[in-house]
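Below is one structure, written out as structure tokens; the observations come after it.
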Amino acid sequence: MAKMEVKTSLLDNMIGVGDMVLLEPLNEETFINNLKKRFDHSEIYTYIGSVVISVNPYRSLPIYSPEKVEEYRNRNFYELSPHIFALSDEAYRSLRDQDKDQCILITGESGAGKTEASKLVMSYVAAVCGKGAEVNQVKEQLLQSNPVLEAFGNAKTVRNDNSSRFGKYMDIEFDFKGDPLGGVISNYLLEKSRVVKQPRGERNFHVFYQLLSGASEELLNKLKLERDFSKYNYLSLDSAKVNGVDDAANFRTVRNAMQIVGFMDHEAESVLAVVAAVLKLGNIEFKPESRVNGLDESKIKDKNELKEICELTGIDQSVLERAFSFRTVEAKQEKVSTTLNVAQAYYARDALAKNLYSRLFSWLVNRINESIKAQTKVRKKVMGVLDIYGFEIFENADNSFEQFIINYCNEKLQQIFIELTLKEEQEEYIREDIEWTHIDYFNNAIICDLIENNTNGILAMLDEECLRPGTVTDETFLEKLNQVCATHQHFESRMSKCSRFLNDTSLPHSCFRIQHYAGKVLYQVEGFVDKNNDLLYRDLSQAMWKASHALIKSLFPEGNPAKINLKRPPTAGSQFKASVATLMKNLQTKNPNYIRCIKPNDKKAAHIFTEALVCHQIRYLGLLENVRVRRAGYAFRQAYEPCLERYKMLCKQTWPHWKGPARSGVEVLFNELEIPVEEYSFGRSKIFIRNPRTLFKLEDLRKQRLEDLATLIQKIYRGWKCRTHFLLMKKSQIVIAAWYRRYAQQKRYQQTKSSALVIQSYIRGWKARKILRELKHQKRCKEAVTTIAAYWHGTQARRELRRLKEEARNKHAIAVIWAYWLGSKVRREYRKFFRANAGKKIYEFTLQRIVQKYFLEMKNKMPSLSPIDKNWPSRPYLFLDSTHKELKRIFHLWRCKKYRDQFTDQQKLIYEEKLEASELFKDKKALYPSSVGQPFQGAYLEINKNPKYKKLKDAIEEKIIIAEVVNKINRANGKSTSRIFLLTNNNLLLADQKSGQIKSEVPLVDVTKVSMSSQNDGFFAVHLKEGSEAASKGDFLFSSDHLIEMATKLYRTTLSQTKQKLNIEISDEFLVQFRQDKVCVKFIQGNQKNGSVPTCKRKNNRLLEVAVP
Ligand SMILES: Nc1ncnc2c1ncn2[C@@H]1O[C@H](COP(=O)(O)OP(=O)(O)O)[C@@H](O)[C@H]1O
Ligand SMILES: [Mg+2]
């Protein structure tokens, strides 16, 4: 749909003009320029009315895709740019919808693109016509017939690598729905001379090369062929390989196509056997041999090849050999055999090869037809496609019989073209009710007549010559022509009787020239007779008929001796004339569609447009004529609806909508535009415009108007776009603003909220604190109240208590007083009764009760059992004071006893000693208290253990009580020396501290007294019994740290040994016997000079002073 709107007419976006009818001015130059311009823009198709001119692009263009097919499908012819598809579509649709048989006539010179065009048409029709399995098979068969025919009928020529060397007409048959049913192919004039000889730079038919390149070894062996092209005389070698052509691959394609078309395998092989036989025929060579009768004779050089051909074809070798050596002519029941010379033998060989091949080709076409023919007998619609050579004009005088025939065919086609075009034109005028005006144009009927006239036409004369008895040569034929056609205005020859050409030396001898509608062509007469005869010696055809190879046999039915026909076979010329006549008849019944192919250059190259070459083709194709014929009446015509649709914008009444019939719309439009009346005519359904200028004026106006409209649309569109944009922006702005406001408000709100929260929290805090304060105040008040109340209650209570106590006391006092009073009253009353003993009894009882209570209480208040515990409960009653003290003492004694009871004997001894010491020194000697804590060890010096005192120890037998070092005070000067002081049970010993030698030994009985001061010193004197042995040296004065212990032990030992209490005198002044003298030892207190150590000093004979700190 989109595309339809883009392009509605051929006139849109035209490069040059799409239709030559519109060319202004019309001449050869403008024509060519237009073609060139379009060609340069890859527009290879141009119309002349309904004729399509196609210029071969020599490159693949992207204009045949399935999309393009769709684009052109069901569209009007002038709706889109010129295209072969438009023509195909038009033809197919009028076939299908209007029930008109169609023919598509494709002409042009070799290499102009005819065959491609025919294939394009077929493929387009195949693409748009019905679908379905059956239909597809038919289509496929029709399309696949092409590769088969091309392999056998096409060859590489200098003009075209794939040049069709035969004319082809194919009828495609359709049913009423337009589905293909089948087809019929007719072939015309295969260029069979190519089989035996090819011009330089050209090849034989493709199939030979394909077979040799593509066949398997097996197949080649079977066909007795070798792969090497150079082995075969019939294959030209200089161009055996064609660029871009893969013969081997093509061979496979062809085999495949044959299969699709319906060839049985054996059929395909038979065909290839014939091809092989033709190839091998070329290798048969002859040599001359003189015979006795003087006639030349030929002989086959190498019979091997012949043998193989015979094996291949199933012909008796001798039969074939004979056929190559003799020629039998039968005339009037007589058989005459003549030998063939070498030249004749070669002629015969080539004739056989050509015939074999061309008959094979015809057989192929028939075979294909058999496959593709419509199966049903229903009425068919037909589309014919004619792909035939165009005019062939070689330079110089190279044109021969073939060109003559071809050009004749083209002349006929031109004739039919003119006829049909004019007829159609005329019919349209009548149909459209337009007045027919005479058209002046060149009618080539006269040329056709020159060639085909049955009495004096060139072909008739040629046949006449060929059949004439006597020597017939090309020269005699030319002579005849000179006589008969001399006056014909389109015939020229050097020997023509026509005085005009008497002097015409430009014409070579043995040539004639025909002025065809497309130009003058000079024909060389040489070979005309021969080619027209197309002679194959009967011996050869008979030999072929004898072949056991069924296909070959069937190709030569005239070889059957039973059907011997003395009548000569029709000449090539007459055959062709007849087939052309049939073709023309056939075409005349159909609606023609023309495709005129033009070759832009001779190089088969893209993008090159050789004007001279194109000019030549335009001329002989009569394209200008074509345009003129087309333009004879009205150059342009168009149905009213599309015309109105296209130009309605040019007039206010018709724009934008015309209500009413299209025709009146167009009338209004043309009136409004003031187009001269003679320039156009109104037909029934179409407007006819006489001059292209008018159309172009309309187009210009339209273009101008379209621009204005475009501007208008643009303006409105821009306005609309801007407005929409603006509205969108506005909308967007509002949205953005709304969003922004929302955002801002949200933010503000959040700020406010948070501030509110802060304030709120402060206020709440403040409030809470206030409340707290209040609550605290209240609490305090409550507490205060409670306290006050408590106090008050306390006070009250205490007051009450006091009152109650007071009351109680009062009551008690009252009671006591009362009791006393009562007592005194009672006593006063009962005094006289109780005075004797009651008081005493009460007293005793009370006392008893009190004592009882005292003891019970004491029991509970007893102090601990430790002897040193000084606690003792206080005394409850004064009168029990002595008891209480006594009790204390008893308790103490008891607990001391308890304590002592725990002691061991040794402990007891120690305590006894301590007790003794206490008795002796307590409160008497100041040194005593410090000794209480010291344990009495006695043996401080361990004499037993010290080896130094061994002797000392040995000297003492008794138990040692004290062993201690003491200071013995020198009586002379008061100085001291250390002495070991030993006390045993009976003696007191002093020994030297160092040596351990006993210095003095005093029996305890001799010790009378021990003196010491009352002070805190360790001095003591041991007084000895006067007159004893020991006393001779006087008393001892010692100082010791263990004075108390020594004194105590000395006391106790003395007591236990002597049963006498040792006298211990404690006094700060006592006398000591020093030999004869008595010295007073005096203790002075307070001398601090020597620190804490007491010092001893001899003051005079009678005084020894000891300073105690
Ligand atoms: N429409 C086309 N597009 C592209 N190449 C083309 C077209 N027509 C022809 N040709 C080329 O030109 C060559 C000759 O075309 P062909 O149809 O065989 O010529 P003709 O049949 O007229 O002798 C083709 O092989 C092809 O390469
Ligand atoms: Mg061709």
Side-chain angles (χ1 to χ4, degrees), residues 910 913 917 921 925 927-928 930-1004 1006-1007 1010-1013 1015-1024 1030 1033-1054 1062 1064 1072 1074 1081 1083 1090-1097 1104 1106-1109:
I910 290 169
E913 268 181 3
F921 302 108
K925 175 80 177 155
L927 186 67
Y928 170 71
S930 65
S931 77
V932 174
Q934 289 172 0
F936 293 171
Q937 285 179 352
Y940 289 97
L941 261 180
E942 290 178 324
I943 295 170
N944 294 351
K945 287 172 189 166
N946 201 331
K948 204 164 81 177
Y949 305 125
K950 192 171 178 306
K951 216 170 159 188
L952 179 66
K953 196 218 156 217
D954 291 346
I956 304 160
E957 280 127 37
E958 296 158 302
K959 190 191 167 204
I960 296 168
I961 296 166
I962 293 174
E964 163 73 313
V965 176
V966 295
N967 293 319
K968 181 175 168 278
I969 309 298
N970 195 321
R971 281 158 288 197
N973 52 11
K975 299 241 171 81
S976 57
T977 42
S978 295
R979 283 285 183 270
I980 297 172
F981 180 98
L982 294 168
L983 174 69
T984 66
N985 279 342
N986 298 310
N987 298 305
L988 196 157
L989 297 141
L990 287 178
D992 188 79
Q993 196 197 1
K994 281 169 193 155
S995 61
Q997 194 186 355
I998 298 174
K999 290 278 182 178
S1000 15
E1001 190 171 3
V1002 182
L1004 281 186
D1006 291 347
V1007 177
V1010 174
S1011 303
M1012 63 189 71
S1013 74
Q1015 295 180 25
N1016 197 13
D1017 61 307
F1019 287 87
F1020 67 99
V1022 177
H1023 302 274
L1024 305 175
K1033 280 182 186 171
D1035 299 340
F1036 297 105
L1037 183 62
F1038 300 113
S1039 134
S1040 166
D1041 293 338
H1042 302 104
L1043 164 65
I1044 302 294
E1045 186 187 357
M1046 291 172 94
T1048 310
K1049 282 198 166 152
L1050 194 59
Y1051 175 80
R1052 280 174 63 89
T1053 315
T1054 317
L1062 181 69
I1064 292 174
V1072 180
F1074 283 169
V1081 180
F1083 291 82
N1090 296 320
S1092 59
V1093 183
T1095 50
C1096 187
K1097 228 173 195 170
L1104 192 73
V1106 180
V1108 183

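Numbering of residues begins at 1 and proceeds along the displayed sequence. Below, all heavy atoms of this structure are taken into account, side chains as well, without hydrogens, waters or symmetry copies. As the structure is a prediction and not an experimental result, all values here were calculated from the model.
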Check: residues 1042-1050 side-chain donor-acceptor pairs under 3.5 Å, at least two apart:
from, atom 1, to, atom 2, distance (Å)
H1042, ND1, E964, OE2, 2.4
E1045, OE1, Y940, OH, 2.7
E1045, OE2, Q937, N, 2.8
E1045, OE2, G938, N, 2.7
E1045, OE2, K1049, NZ, 3.1
T1048, OG1, I1044, O, 2.5

Worksheet entry | Minimum heavy-atom distance between I998 and A955, given as atom pair plus value | CD1-CB, 3.9 Å

Worksheet, complete the sentence: Heavy-atom closest pair (S978 atom, V965 atom, distance to 0.1 Å) is CB-CG1, 4.0 Å

Worksheet item: Does a donor on one side chain sit under 3.5 Å from an acceptor on the other, for S1013 and K925?
Response: yes

Starting at [atom1] of [X], measure out to [atom2] of [Y] and round the result to the nearest 0.5 Å.
X	Y	atom1	atom2	value
K959	L983	NZ	CG	10.5 Å
I961	N986	CD1	CG	8.5 Å
D1006	N987	CG	CG	9.0 Å
N1016	Y928	CG	OH	14.0 Å
I980	I962	CD1	CD1	14.0 Å
T1053	N985	OG1	CG	6.5 Å

Worksheet item: Where do F981 and L988 land on the side chain to side chain contact (heavy atoms under 4.5 Å, CB included) test, with the steps shown first?
Response: CA-CA 7 Å; F981 180 98; L988 196 157; 3.6 Å; yes

Discussion item. Once salt bridge (Lys or Arg N to Asp or Glu O under 4.0 Å) is applied, what residue pairs with a partner in residues 974-1002 remain, sequence neighbours excluded?
Written reply: R979-D992

Discussion item. List the residues meeting ring pair (Phe, Tyr, Trp, His ring centres under 6.0 Å) with F1020, not counting sequence neighbours, and say none if there are none.
Written reply: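 For F1020, the residues satisfying ring pair (Phe, Tyr, Trp, His ring centres under 6.0 Å) (neighbours in sequence not counted) are F1038.
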
Discussion item. Holding to ring pair (Phe, Tyr, Trp, His ring centres under 6.0 Å), I want the full list of residues that pass it with F1019, two or more places apart in sequence or in another chain.
Written reply: none

Worksheet entry | Pairing residues for E942 by the salt bridge (charged side-chain N to carboxylate O under 4.0 Å, His left out) criterion, not counting sequence neighbours |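 Here the qualifying residues are K945.
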
Practice prompt. Please assess L952 against L982 for the test side chain to side chain contact (heavy atoms under 4.5 Å, CB included), listing each intermediate value before the final yes or no.
Written response: CA-CA 10 Å; L952 179 66; L982 294 168; 3.8 Å; yes

Answer yes or no: is there a side-chain heavy-atom contact under 4.5 Å between [X] and [Y]?
X	Y	value
S1039	V966	no
T1054	V1007	no
S931	F921	no

Worksheet item: For D1035, which of V1081, L1024, V1022 qualifies under side chain to side chain contact (heavy atoms under 4.5 Å, CB included)?
Response: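 Output: one option passes, namely L1024.
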
Fill in: Candidate pair M1012 and D1017, rule side chain to side chain contact (heavy atoms under 4.5 Å, CB included), full reasoning
CA-CA 9 Å; M1012 63 189 71; D1017 61 307; over 6 Å; no

Worksheet entry | With sequence neighbours excluded, residues passing side chain to side chain donor-acceptor pair (under 3.5 Å) with T984 | E958

